[in-house]
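What follows is one structure encoded as structure tokens, with my remarks underneath.
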Amino acid sequence: MPFSAIIFDVDGTLAETEEVHRSAFNETFARHGFEWSWSRELYGELLKVTGGKERMRHYLQTTHPGVLDRPDIDGMIKALHEEKTALYQTMMSEGRVPLRPGIARLLHEAKDAPGIKLAISTTTSNGNVEALLIPALGADVMDWFNALATGEDVTAKKPAPDLYLYALSQLGLPPQECLAIEDSVVGLRSATAAGIPTLVTVSAYTRDNEYPGALAVLSDLGEPDRPFELIAGDAGGCAHVDLSCLEKIHAKAGRG
Ligand code: XBP
Ligand code: MG
């Protein structure tokens, strides 16, 4: 199978954004006088539920079930999440979060490479993707991508395959011609359920997990002067991930 596209997850993969998401949730709760405060440890557990609104509902179900009986609960969660999103975007505009090692380098290389398409598959929103990428890579960065699948486009978020299937339909490619880059178990499950070979780069919240079915598990994409650490699998003998490295890793998927 040829290697024709890279599909990037966003949170945890392009950048370590989850601490900003967590701060934005906590700040929103505090502004409304709710004594809900998500510690780092709790947030690590809550990340198993993807999507901010779904995560809030799950938290309330498990800790404050009475709140869910409020007749206005759906509107309340929606309003809190809108406020959290606005806060997140303000925090991101302050430039708190750099792209992870190798991300800018690989995106620049791939956007100009003939025969390679780029895509995004994320449970967060379009606005949040722009809030991360535009300050880091410039106003036209969203044009680098041939497909954009965000949490606003599907009902069933990760680990369901829907976000990846939607990205594939925009790319017009079979899953085996693509390679997904993910940082989480739910993300890996979503991509593999869509039939897409997947490389994992672990993030702050996900480094202690197991990734069955991943082509390889790396600390990050690495840089020429700062190799990645190989955590599991076979990374084709490379020390940093560029397109030729991804081709080698992708070829292994074809060989099973
Ligand atoms: C990770 C997520 C998101 C964010 C919060 O997304 O699970 O829910 O934590 O974003 P990714 P929202 O698929 O990019 O790893 O509050 O906008 O849902
Ligand atoms: Mg992620």
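Each residue takes its place number in the sequence, starting with 1. Ligands are counted one by one from 1 in listed order, and the atoms in each one are counted from 1 as well.
For atom 3 (C) of ligand 1, the nearest non-hydrogen atom from the set N126, T123, T206 comes from T123. Comparing heavy-atom distances from atom 9 (O) of ligand 1 across K84, R55, K53, H21 singles out R55 as nearest. Closest to atom 4 (C) of ligand 1 by heavy atom, among L46, D11, V186, is D11.
Residue-ligand proximity, K158 to ligand 1, at heavy-atom distances under 4.0 Å covers atoms 13 (O). Residue E18 has at least one heavy-atom neighbour below 4.0 Å for each of these atoms of ligand 1: 1 (C), 2 (C), 4 (C), 9 (O). For ligand 1, the atoms closer than 4.0 angstrom to any heavy atom of Y43 are 9 (O). Interface atoms of ligand 1 facing V10, defined by a heavy-atom separation under 4.0 Å, are 14 (O). For ligand 1, the atoms lying closer than 4.0 Å to a non-hydrogen atom of G51 are 7 (O), 8 (O), 18 (O). Under a 4.0 Å criterion applied to the non-hydrogen atoms of N128, ligand 1 contributes the atoms 17 (O).
Closest to atom 17 (O) of ligand 1, if we only count protein heavy atoms, is T124 OG1, 2.6 Å. Among protein heavy atoms, atom 18 (O) of ligand 1 sits closest to G52 N, 2.7 Å. The protein non-hydrogen atom at the shortest distance from atom 11 (P) of ligand 1 is D9 OD1, 2.9 Å.
Between R57 and D74 a salt bridge is recorded (basic side-chain N to carboxylate O distance below 4.0 Å). Salt-bridge annotation for D183 and R100: absent, with no side-chain N of the basic residue lying under 4.0 Å from a carboxylate O of the acidic one. Under 4.0 Å is where a charged nitrogen must lie from a carboxylate oxygen, and between K78 and E82 at least one such pair does.
For the Mg ion (ligand 2), protein N/O/S neighbours under 2.8 Å (waters excluded) are D9 OD2, D11 O, D183 OD1.
Between the SG atom of C178 and the NZ atom of K117 there is a distance of 9.0 Å, given to the nearest 0.5 Å. Atom OG1 of T198 is separated from atom CG of L215 by 6.5 Å, given to the nearest 0.5 angstrom. Summarising the geometry, atom CG belonging to L246 is positioned 6.5 Å from atom CG belonging to L199; distances are rounded to the nearest 0.5 Å. Residue L99 holds its CG atom at 6.5 Å from CG of L133, rounded to the nearest 0.5 Å. Note that CE of M56 is 5.5 Å distant from CG of L80, once rounded to the nearest 0.5 Å. We find the NZ-CG distance between K248 and D234 to be 10.5 Å, quoted to the nearest 0.5 Å.
Checking only distances, L47 never comes within under 3.5 Å of ligand 1, N or O to N or O. Between H81 and ligand 1, at least one N/O pair is under 3.5 Å apart.
Using a 4.0 Å cut-off between heavy atoms, T122 contacts ligand 1 through both its backbone and its side chain.
A side-chain donor-acceptor contact under 3.5 Å links S4 and E177. In the model, E19 has a side-chain atom that pairs as donor or acceptor with a side-chain atom of Y205 under 3.5 Å.
Note: W38 and F29 meet the aromatic proximity criterion, with ring centroids under 6.0 Å apart.
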Pair V241, I181 - check side-chain contact (heavy atoms from CB on, under 4.5 Å), show working. CA-CA 11 Å; V241 175; I181 306 185; 5.5 Å; no

